[in-house]
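A short write-up of the structure that comes next.
All figures in this text were calculated on a predicted structure; none of them were measured in a lab. Naming: A, B, ... by sequence-line order, numbering from 1 per chain.
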Number of protein chains: 2
Amino acid sequence: MKDRTSSSKIYLDVVESLRSMIEADSLLPGDKIPSERELSDRLNVGRSSVREALRALELLGLIETRRGEGTFIRDFQEHKLVELLGTFFLQDKKVQQDLAETKRLIEIDCLRIVAFFAKAEDIKRLVGWVKAEEFRDDDFFLRIAILNRNRLLERIWRIVNSYARTSEMVQGNVKKEDYLTLLTYLLERDEEKAIETYLIRIRNMSKDE
Amino acid sequence: MKDRTSSSKIYLDVVESLRSMIEADSLLPGDKIPSERELSDRLNVGRSSVREALRALELLGLIETRRGEGTFIRDFQEHKLVELLGTFFLQDKKVQQDLAETKRLIEIDCLRIVAFFAKAEDIKRLVGWVKAEEFRDDDFFLRIAILNRNRLLERIWRIVNSYARTSEMVQGNVKKEDYLTLLTYLLERDEEKAIETYLIRIRNMSKDE
DNA sequence: CAGGCCGCTGTGGTCTGACCACTAGATTTC
DNA sequence: GAAATCTAGTGGTCAGACCACAGCGGCCTG
């Protein structure tokens, strides 16, 4: 029974088993997964191996455990682990640079899509929000990323953003006015102008990245 | 000694301890960190707790363990966070569409960067390759992705591409001629024309994605 | 001396069984 | 009926036991 395909770590097998289990039962965020002891039974592995897998997934923010209750699938939202990564080994200069560039590119992609396809009413709602609330730069672009309706791209943005966050690439003082200008161009479906505003006013760059 | 700041999980404390330990000793990728038993001793926690922390960091790709040898810090470039997230929730239908779109966007981003910054000699080498070899569409864009010199973006492309591959979004018959046209525009630094060629000739789409 | 064999030690990999702390729901008690 | 209590189930942690493997040094043999 212990013929685990490869000779390698059991906890990885458990991770894989969990993955297919979740897929098979089409479990969604919020759902409960079997208890550690039951998994340990079902998969014929020690509880400690199961725990290693669960702890790893927990640190990744994929699951959430509540003592006395159980383990639950988590919505891919606020994984705080990523903050760790930043403080961990992210000192390399080149990496920082790539990170910033990639973030910019993705944000521009999102802007393009929004400029083409977003409903005017959604953009207007965003205008209202900008006027009403205090917010950080990444709050704003998170909303842009969501508007673009491409969940995968949104996810990539979130990841890149969380890495970027922890490495103090913080944007300083951007004025609401600039965001509003950007939104206005989006409403007018003027992709060119929108991106120009983004690069020059919001990211303080010259025209060619 | 067991006054762990909060009431929460020990393995997280261990992660934190490791972090500061690495920082304090300024350990770099490749360096060895203390053995599980020693950590367990030094931090006054059970070895299993240490292992939970290490396994989590390992899954994140931050460390690497070699049986019989020890645990080592790993090069951050290779982290598998993104892969994991992908394999986890990538089942539903809409995702396919997002996948294709995202791939296209990233490819366009790469093309833009190449058009601006790639050395003419590198592009010419690619021309030679196209003429000489038989290749698949993704072979070509892998080379584009590499040319762009942004390791992170390249990485994201590879991941998105591998998913796209498995879900048979294969491109049919594209003629070498089209790729050569594209490269010619890149050489001329004509971003506009290059992207137009990409969308219309290579991806068979109308101008606005 | 060179080459290889052997066993010791240290390391990660895994399992087991034992507690503890906590939660939620059933049960009892008033 | 409401409140207090008990209980079963769950995650959190630990200690100790093996195993498999890598590296090293010493010993034997040719």
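- Residues satisfying the side chain to side chain contact (heavy atoms under 4.5 Å, CB included) criterion with I146(A), sequence neighbours excluded, are L142(A), E154(A), R158(A).
- Per the geometry, OH belonging to Y11(B) stands 14 Å off P belonging to dC14(D), to the nearest Å.
- When rounded to the nearest whole Å, the span between CD of E52(A) and C1' of dC14(D) equals 14 Å.
- Side-chain N or O atoms of R189(A) include one that pairs as donor or acceptor with a backbone N or O of A115(A) at under 3.5 Å.
- For Y185(A), there are no ring-ring contact (aromatic ring centres under 6.0 Å, His included) partners, not counting sequence neighbours.
- Take R125(B) and apply the salt bridge (Lys or Arg N to Asp or Glu O under 4.0 Å) test, not counting sequence neighbours, and it matches E121(B), D122(B).
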Enumerate the protein-to-nucleotides 5-12 of chain C contacts in which both atoms are nitrogen or oxygen and the separation is below 3.5 Å.
| unit_1 | atom_1 | unit_2 | atom_2 | d |
| --- | --- | --- | --- | --- |
| dG10(C) | N2 | G68(B) | O | 3.2 |
| dT11(C) | O2 | G68(B) | N | 3.3 |
| dG12(C) | OP1 | T71(B) | OG1 | 3.1 |
| dG12(C) | OP2 | E36(B) | N | 2.9 |
| dG12(C) | N7 | R37(B) | NH1 | 2.9 |
| dG12(C) | O6 | R37(B) | NH2 | 3.1 |

query: Using Watson-Crick and G-U wobble pairs with both distances under 3.5 Å, what is the 5'-to-3' dot-bracket string of DNA chain D, with [ ] for crossing pairs and | for pairs outside the strand?
result: ||||||||||||||||||||||||||||||

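- Residues forming a salt bridge (Lys or Arg N to Asp or Glu O under 4.0 Å) with E36(B) (at least two apart in sequence, or on another chain): R47(B), R51(B), R55(B).
- As a whole-Å value, the separation of L39(A) CG from dG12(D) P is 13 Å.
- Legend: residues meeting ring-ring contact (aromatic ring centres under 6.0 Å, His included) with F135(B), ordered by chain and number and at least two apart, are W129(B), Y179(B).
- Here T102(A) pairs with N150(B) under the side chain to side chain donor-acceptor pair (under 3.5 Å) rule; sequence neighbours left out.
- D41(A) places its CG atom 14 Å from the C1' atom of dT10(D), with the value rounded to the nearest Å.
- E177(A) is linked by a salt bridge (Lys or Arg N to Asp or Glu O under 4.0 Å) to R201(A), counting only residues two or more places apart in sequence or in another chain.
- In terms of phosphate contacts, S49(B) brings a side-chain nitrogen or oxygen within less than 4.0 Å of OP1 or OP2 of dC14(D).
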